[in-house]
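Structure first, commentary second.
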Amino acid sequence: MSSRPYRGWAALTDVGRVRSHNEDSVLAQPPLFVVADGLGGHEAGEVASSIAVQTLLDHAPRRPDAKALARAVRAANREVIRAAREGMGRSGMGTTITAAMVDDGNITIAHVGDSRAYLFSDGRLEQITEDHSMVADMVRRGQITEEESRVHPNRSVITRALGTDPNMVADTYEVEAKPGDILLLCSDGLSGMVDDDTIADILARVADPERAAQALIDAANAAGGHDNISVVLVTVEGTPGSPAAAASRSWLPVIGWVLLAIALVGAIAYGTWRAAQSRYYVADNGGTVAVFRGVPGSFAGLELSWLESESTVPVSALPPAQAARVRATIPVDSLSDGLALIERYREAAQLGIMPDESTPVDAPPGTGSQ
Ligand code: MN
């Protein structure tokens, strides 16, 4: 909670060796640090990423506060959407954002997309954020390895970004770090070109943040520099264990265990609700196939699913087995997976065959089953 000056930080961005312009934006305005990787091409990507960074700077809290930082990211999302609507940049433009607030050992992060935050501590590099990308989903499902994800043809397809969905939700992380630990924020121009071991080697070898950031960019360029490269390094100051934590221990007995229990139930419900937010399933929505976000049913009186995308594909056009599966709900890993499944159903319904089961359906759709 001190406001003593930072021992060191650096924020660098580089066009790389292939692209003709840089669509990334970086910001270092202690205690706020941001990397944003713009999408949409020339006169769009850099517009989106700079609007996002500027809005974040305007709306960020003064101290690390995960909720307030997530709200600032939502404001940035609205601004990118509004700008595109009003003719700035291009429609369809978007940006990733990885924003960190660092105050002594307390690090708060809000994150959307495939830029990354890492913590380098005791010689080990750990990725804090989870990528919102198609290949990261595939790695999580065990379909490909981390190494394969680097060269996968769909490696740049991201599943969440600023600038498209007005209801977008940012992931937040709270990390306790030790003095001397290093926070690294980067765009995929670094993490896609340089593996974690090499990044760790450089951070271990080069103490000065400015020189270390340049060494990371040099490594990405040496590996080909296929994309814009952004690197923010922050050396963690001070000591973990803030006065706020001590204060909360002293007032805890006063409010008593009953209130604590209520808070705990609320926290569990909220945690379940948050977890449900990132899950999807395909189901029958009053006769047509639709993608829902969340989980079927409810928990502690909370409705845990939201209609995410409707379709015109009638459940009754599917053969009985498929229709039954849809009615029983089919979990999918992402909205794009759900939409892809519906597209397969639609094509198959039009062709009169079903995916995975090349059973011809002679009757026209809508009369074949049930
Ligand atoms: Mn990029």
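Position 1 is the first residue of the sequence, and the numbers go up from there. For ligands, and for the atoms within them, numbers begin at 1 and follow the listed sequence. Here the structure is a predicted model, which is why all the values come from computation and not from measurement.
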Which protein N, O or S atoms lie under 2.8 Å from the Mn ion (ligand 1), given by chain and residue number?
-> Asp37 OD2, Asp188 OD1, Asp227 OD2

May I ask you to decide if Glu130's main-chain N or O and Tyr173's side chain share a donor-acceptor pair within less than 3.5 Å?
-> yes

So, His111 versus Thr98: side-chain donor-acceptor pair below 3.5 Å or not?
->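 On atom types as modelled, these side chains qualify, holding a pair under 3.5 Å.
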
Cut-off 3.5 Å, side chains only: do Asn228 and Asp14 have a donor facing an acceptor?
->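 Note: Asn228 and Asp14 side chains miss the donor-acceptor criterion.
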
Using the test salt bridge (charged side-chain N to carboxylate O under 4.0 Å, His left out), find all partners of Asp114 that sit at least two apart in sequence or belong to another chain.
-> none

Arg62 atom CZ: more than 12 heavy-atom contacts under 6.0 Å |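 Result for CZ/Arg62: open.
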
Nearest-0.5 Å distance, CD1 of residue Ile229 to CG of residue Asp37 | 11.5 Å

